[in-house]
Undergrad: 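I have a structure here, written as structure tokens, and I will follow up with some questions on it.
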Amino acid sequence: VKLGGAWAFVTLCNWQVNTHQVTMRQIPMQGLSQQESDQFLAAMRPFFKEDGITLYPFEPGCWLAHAEVFDELVTASADRVLGRDLTPWMPRHPLATSLVRLMSEMQMLLYTHPVNDAREAIGALPVNAFWLSGTGALSENLYKPPASQPRVVTTLRDAALRDDWQSWAQAWQKLDQDEGCTM
């Protein structure tokens with residue numbers, strides 16, 4: 001994979017379509033195997049390629065995408081849109097028209113994909129869409145591995161995404177207590 005240029009994450013997901021809104025029901029897709037992800041990638045890759053987007057496997061259900069259209073495209077994280085109406089979070093950049101069309105095409109392709117038939121047979125949600133996030137230009141000299149791996153505490157994020165401010169305040173207190181943070 002060549003660094004530099006514009007990149008994005010393409011994450012497989014499940015959208016719930018209602019009469020007045022479309023919501024993100026599941027992301028990342030639970031129980032999605034590497035083999036299933038590879039089958040979806042093989043089916044979807046030619047459509048992305050037609051729009052000048054190169055896909056690279058990253059992890060099951062999530063791929064890296066390289067194309068100039070991602071350079072100035074503003075996108076929201078999957079955590080931010082989960083369970084919410086997608087309308088205000090859809091790409092709005094003038095160059096995003098092709099991406100919105102691609103999202104629609106992939107919904108049609110995924111609707112009849114055999115992997116989804118197998119997933120539904122075991123009670124798993126089908127993959128019926130993808131979400132773009134983490135878009136932007138990447139400098140070739142940008143990445144330097146950290147000296148040590150950070151430990152991520154998600155309690156603050158989880159409470160904020162649920163709009164649960166009492167739990168958020170409690171999470172701060174616990175973080176201060178457990179990690180010895182001082183202000």
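Scope of the values below: all heavy atoms of this structure, side chains included, with no hydrogens, waters or symmetry mates.
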Undergrad: So, applying side-chain contact (heavy atoms from CB on, under 4.5 Å) with Phe48, which one of Leu41, Val10, Thr54 is it?
TA: Val10
Undergrad: What verdict does the side-chain contact (heavy atoms from CB on, under 4.5 Å) test give for Trp15 and Met103, after you've listed the backbone C-alpha separation in whole Å, the side-chain angles of each residue and the deciding distance to 0.1 Å?
TA: CA-CA 11 Å; Trp15 289 2; Met103 288 175 151; 4.3 Å; yes
Undergrad: About how many Å separate CD of Gln177 and CH2 of Trp172, when rounded to the nearest 0.5 Å?
TA: 14.5 Å
Undergrad: If you measure only the distance, is there a donor-acceptor pair under 3.5 Å linking the side chains of Gln34 and Asp38?
TA: yes
Undergrad: Answer yes if Leu175 and Trp168 sit in the same cluster of Ile, Leu, Val, Met, Phe, Trp and Tyr residues linked by side chain heavy atoms under 4.5 Å apart, and no otherwise.
TA: yes
Undergrad: Centres of the His113 and Phe40 rings: under 6.0 Å?
TA: yes
Undergrad: Are any side-chain N or O atoms of Trp131 and backbone N or O atoms of Pro28, one a donor and one an acceptor, separated by less than 3.5 Å?
TA: no
Undergrad: Check whether Glu36 reaches the backbone of Ser33 with its side chain - one donor and one acceptor, N or O, closer than 3.5 Å.
TA: yes
Undergrad: Would you tabulate the side-chain donor-acceptor contacts of residues 91-100 under 3.5 Å, counting partners in other chains and residues two or more places apart, or write 'none'?
TA:
| unit_1 | atom_1 | unit_2 | atom_2 | d |
| --- | --- | --- | --- | --- |
| Arg92 | NH2 | Thr87 | O | 2.6 |
| His93 | ND1 | Leu95 | N | 3.0 |
| Thr97 | OG1 | Pro94 | O | 3.4 |

Undergrad: Please lay out, stage by stage, how Tyr56 and Trp7 fare under the test ring-ring contact (aromatic ring centres under 6.0 Å, His included).
TA: CA-CA 11 Å; Tyr56 300 93; Trp7 293 85; 5.7 Å; yes
Undergrad: Output the distance between atom SG (Cys62) and atom CG (Leu12), rounded to the nearest 0.5 Å.
TA: 8.0 Å
Undergrad: Nearest heavy-atom pair of Glu120 and Pro126: which atoms, and what distance?
TA: OE2-CG, 3.8 Å
Undergrad: Rounded at 0.5 Å granularity, tell me how far CE in Met90 sits from CG in Leu132.
TA: 8.5 Å
Undergrad: Checking side-chain contact (heavy atoms from CB on, under 4.5 Å) for the pair Thr11/Trp63: CA distance, chi angles, key distance, verdict?
TA: CA-CA 6 Å; Thr11 307; Trp63 312 316; over 6 Å; no
Undergrad: Identify the residue among Leu110, Leu125, Asn116 that makes a side-chain contact (heavy atoms from CB on, under 4.5 Å) with Asn14.
TA: Leu125
Undergrad: Which heavy atom of Pro60 sits nearest to which heavy atom of Leu32, and what is that distance?
TA: CB-O, 3.7 Å
Undergrad: Do the side chains of Gln170 and Lys174 get nearer than 4.5 Å, heavy atoms only?
TA: no
Undergrad: Do you know the tightest heavy-atom contact between Gly134 and Phe9?
TA: CA-CD1, 4.3 Å
Undergrad: Could you check if a side-chain atom of Met29 sits within less than 4.5 angstrom of a side-chain atom of Ile27, using non-hydrogen atoms only?
TA: no
Undergrad: Just distance, no hydrogens or angles: give the donor-acceptor pairs under 3.5 Å from side chains in residues 16-26, sequence neighbours left out.
TA:
| unit_1 | atom_1 | unit_2 | atom_2 | d |
| --- | --- | --- | --- | --- |
| Gln16 | OE1 | Arg25 | NH1 | 2.1 |
| Gln26 | OE1 | Gln30 | N | 2.9 |

Undergrad: Please list, chain by chain and in numerical order, all residues satisfying salt bridge (charged side-chain N to carboxylate O under 4.0 Å, His left out) with Asp71, sequence neighbours excluded.
TA: none
Undergrad: Can a donor-acceptor pair be found between the side chains of Thr75 and Ser133 at a distance below 3.5 Å?
TA: no
Undergrad: Under the side-chain contact (heavy atoms from CB on, under 4.5 Å) criterion, do Asp79 and Asp158 qualify, and how do the steps go?
TA: CA-CA 9 Å; Asp79 284 342; Asp158 296 344; over 6 Å; no
Undergrad: Please check: side-chain N/O of Ser77 versus main-chain N/O of Arg80, any donor-acceptor pairing under 3.5 Å?
TA: yes
Undergrad: Could you check Leu109 against Gln107 for side-chain contact (heavy atoms from CB on, under 4.5 Å), going step by step and ending with a plain yes or no?
TA: CA-CA 6 Å; Leu109 175 78; Gln107 287 174 322; over 6 Å; no
Undergrad: When hydrophobic residues are tied together by side-chain contacts of less than 4.5 Å, even through go-betweens, does Val115 share a cluster with Tyr111?
TA: no
Undergrad: Please report the closest heavy-atom contact between Arg45 and Pro57, naming both atoms and the distance.
TA: NH2-CD, 3.8 Å
